[in-house]
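Presented below is the structure to which this report refers.
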Amino acid sequence: MKKWWIGMMAACVFASSAWAAETRLTIGSTITSSPFYGYFVAVAQIINDDIPNMQANVAETGATVDNLKRMQRRQLDLGMITTNILNHAYYGTHAFKDRPIKSKLLWVYNNTPQTAFVRADSNVHDWADLNGAEINPGIRGSASEITTEAVFNTLGIKPKYFRGSGSDYVSAMKDNRIVGFVGSATGVKMSSTQLDIHTFTPLRPLSLTPEMQKKILDNHPDLTITHMPEGSGKDVPAFTCWSFALGASAAPNMDEETAYQIVKAVMEDKTKQVSAMPSLAGVDLAKMTLECASSPLHPGAIRYFREKGLEIPEHLIAPEDK
């Protein structure tokens, strides 16, 4: 009996140790209809398959701002962000004035044009026609929403804002309750959500004039300008819009080793990310990260990039990590 009891105790201790050794992560993404949700499902698969004693799951969220707030509350361990909003959060500017969130960047995976579309059967033909019109500036709590409002303020455009989730604005567009929306494209193609709307409700893009482009860049140096080619969707002409980059950042409490293992696995993956986002085929994620980042990298990411012989720009290294 004594030997049996000792054996049971040893088994329990072993099981307890194995459980404690496993790191469980929750990844904040965006709405499930977005291709970027699928991307983070692939990231979770990389973590689960390639990193010993680490398991991840993906949560549907309101995207960047929601993710940052949840990471600060330790409800998420890492999440999808846009480089411009992460910059604002880290340095405590714009909507985060005096309330910084010290999340550090892990990597960048996509340049994200912010495309403005209106119903083709509407009376909106240029930006001035948006004044007083009801549009969705981006899903509630997202970087698209915040950035759209900032850009519109700069350009002096004053629409009525329809707030809500992705499904809310999709339904409102199809039901002709709103005239348009601003949202993230997928590379130089309309996103699956935009294509879904376009199939039932033909859309027309609004294009930035050269003067508008200059004004945006002068007032928002964390944004860039993207020229969308003809054919981003069926019968959609070429147009110009503003853009930022998409990436993943860590919760402020993530340790260096965990971040290093995640970045290493993601950077060295050759199949899962491309399966989720074919536009990533041949893309150098490390190079994109160092070119598009505008706030400090996590020390775990810095460690990996340095191991690969990459030079880290000074502005991407926090003082405590130098």
Side-chain angles (χ1 to χ4, degrees), residues 27-30 36 40 61-73 76-114 137-139 141-155 182-184 213 215-226 241-254 259 263 285-302 305 310-322:
I27 304 172
S29 56
T30 181
F36 303 127
F40 280 96
T61 68
T64 295
V65 177
D66 188 24
N67 290 338
L68 285 165
K69 291 179 178 178
R70 293 194 194 191
M71 283 191 279
Q72 186 178 46
R73 295 195 295 265
L76 297 173
D77 299 288
L78 65 153
M80 185 190 86
I81 52 82
T82 64
T83 51
N84 60 326
I85 300 302
L86 179 61
N87 179 292
H88 302 168
Y90 186 85
Y91 290 111
T93 62
H94 295 74
F96 298 90
K97 185 173 176 60
D98 301 323
R99 295 177 299 164
I101 298 176
K102 294 296 186 179
S103 289
K104 293 177 181 177
L105 185 68
L106 295 171
W107 74 91
V108 166
Y109 65 89
N110 193 67
N111 183 38
T112 310
Q114 297 299 288
I139 62 174
S142 69
S144 291
E145 180 184 49
I146 289 177
T147 307
T148 296
E149 290 188 56
V151 169
F152 279 8
N153 285 337
T154 296
L155 299 177
V182 178
S184 300
Q213 295 173 39
K215 198 165 188 178
I216 290 171
L217 294 178
D218 286 347
N219 289 274
H220 303 278
D222 52 345
L223 298 178
T224 57
I225 298 297
T226 295
C241 59
W242 65 88
S243 61
F244 45 69
L246 277 173
S249 74
N253 64 314
M254 181 177 283
V263 172
L285 292 180
K287 180 180 179 182
M288 181 184 289
T289 299
L290 297 177
E291 288 178 349
C292 296
S294 61
S295 59
L297 295 171
H298 195 284
I302 292 172
F305 293 142
L310 298 172
E311 184 175 349
I312 313 297
E314 282 296 311
H315 71 283
L316 299 183
I317 307 175
E320 65 271 19
D321 298 325
K322 292 181 178 178

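Residues: numbered from 1 along the sequence shown.
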Any idea which heavy atoms bring [X] and [Y] closest together, and the distance?
{"X": "L285", "Y": "Y109", "result": "CD2-CA, 3.8 Å"}
{"X": "G141", "Y": "V65", "result": "O-CB, 2.7 Å"}
{"X": "S29", "Y": "F40", "result": "CB-CB, 4.2 Å"}
{"X": "I139", "Y": "S142", "result": "O-OG, 2.6 Å"}
{"X": "M71", "Y": "P252", "result": "O-CD, 3.8 Å"}
{"X": "T148", "Y": "P137", "result": "OG1-O, 3.0 Å"}

Would you give the length of the straight line joining atom [atom1] of [X] to atom [atom2] of [Y], rounded to the nearest 0.5 angstrom?
{"X": "T224", "Y": "Q213", "atom1": "OG1", "atom2": "CD", "result": "11.0 Å"}
{"X": "T93", "Y": "H88", "atom1": "OG1", "atom2": "NE2", "result": "5.0 Å"}
{"X": "K97", "Y": "Y91", "atom1": "NZ", "atom2": "OH", "result": "16.0 Å"}
{"X": "D66", "Y": "T30", "atom1": "CG", "atom2": "OG1", "result": "9.5 Å"}
{"X": "N111", "Y": "M288", "atom1": "CG", "atom2": "CE", "result": "7.0 Å"}
{"X": "T61", "Y": "K69", "atom1": "OG1", "atom2": "NZ", "result": "12.5 Å"}

Can you name the residues that form a side-chain contact (heavy atoms from CB on, under 4.5 Å) with Q114, not counting sequence neighbours?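 Only T112, S144, V182, S184, W242, F244 meet the side-chain contact (heavy atoms from CB on, under 4.5 Å) criterion with Q114.
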Taking the side chain from [X] and the backbone from [Y], do they hold a donor-acceptor pair closer than 3.5 Å?
{"X": "N87", "Y": "T83", "value": "no"}
{"X": "N67", "Y": "M80", "value": "yes"}
{"X": "D77", "Y": "A251", "value": "no"}

Flag side-chain contact, heavy atom, 4.5 Å: [X] against [Y]:
{"X": "T64", "Y": "I146", "value": "no"}
{"X": "S103", "Y": "L86", "value": "yes"}
{"X": "I81", "Y": "I85", "value": "no"}
{"X": "K215", "Y": "L155", "value": "yes"}

Side chain to side chain contact (heavy atoms under 4.5 Å, CB included) partner of V108, chosen from N110, L105, L106: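 Option passing the side chain to side chain contact (heavy atoms under 4.5 Å, CB included) with V108: L105.
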Count the heavy atoms belonging to other residues, nucleotides or ligands that lie under 6.0 Å from CZ of R99, then report whether that count exceeds 12.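 No, the 6.0 Å shell around CZ holds no more than 12 heavy atoms from other groups.
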In a table with atom names and distances, give each donor-acceptor pair under 3.5 Å that connects a side chain of residues 312-322 to protein atoms at least two apart or in another chain.
{"unit_1": "E314", "atom_1": "OE1", "unit_2": "K322", "atom_2": "NZ", "d": "3.3"}
{"unit_1": "E320", "atom_1": "OE2", "unit_2": "K104", "atom_2": "NZ", "d": "2.9"}
{"unit_1": "D321", "atom_1": "OD2", "unit_2": "K104", "atom_2": "NZ", "d": "2.7"}

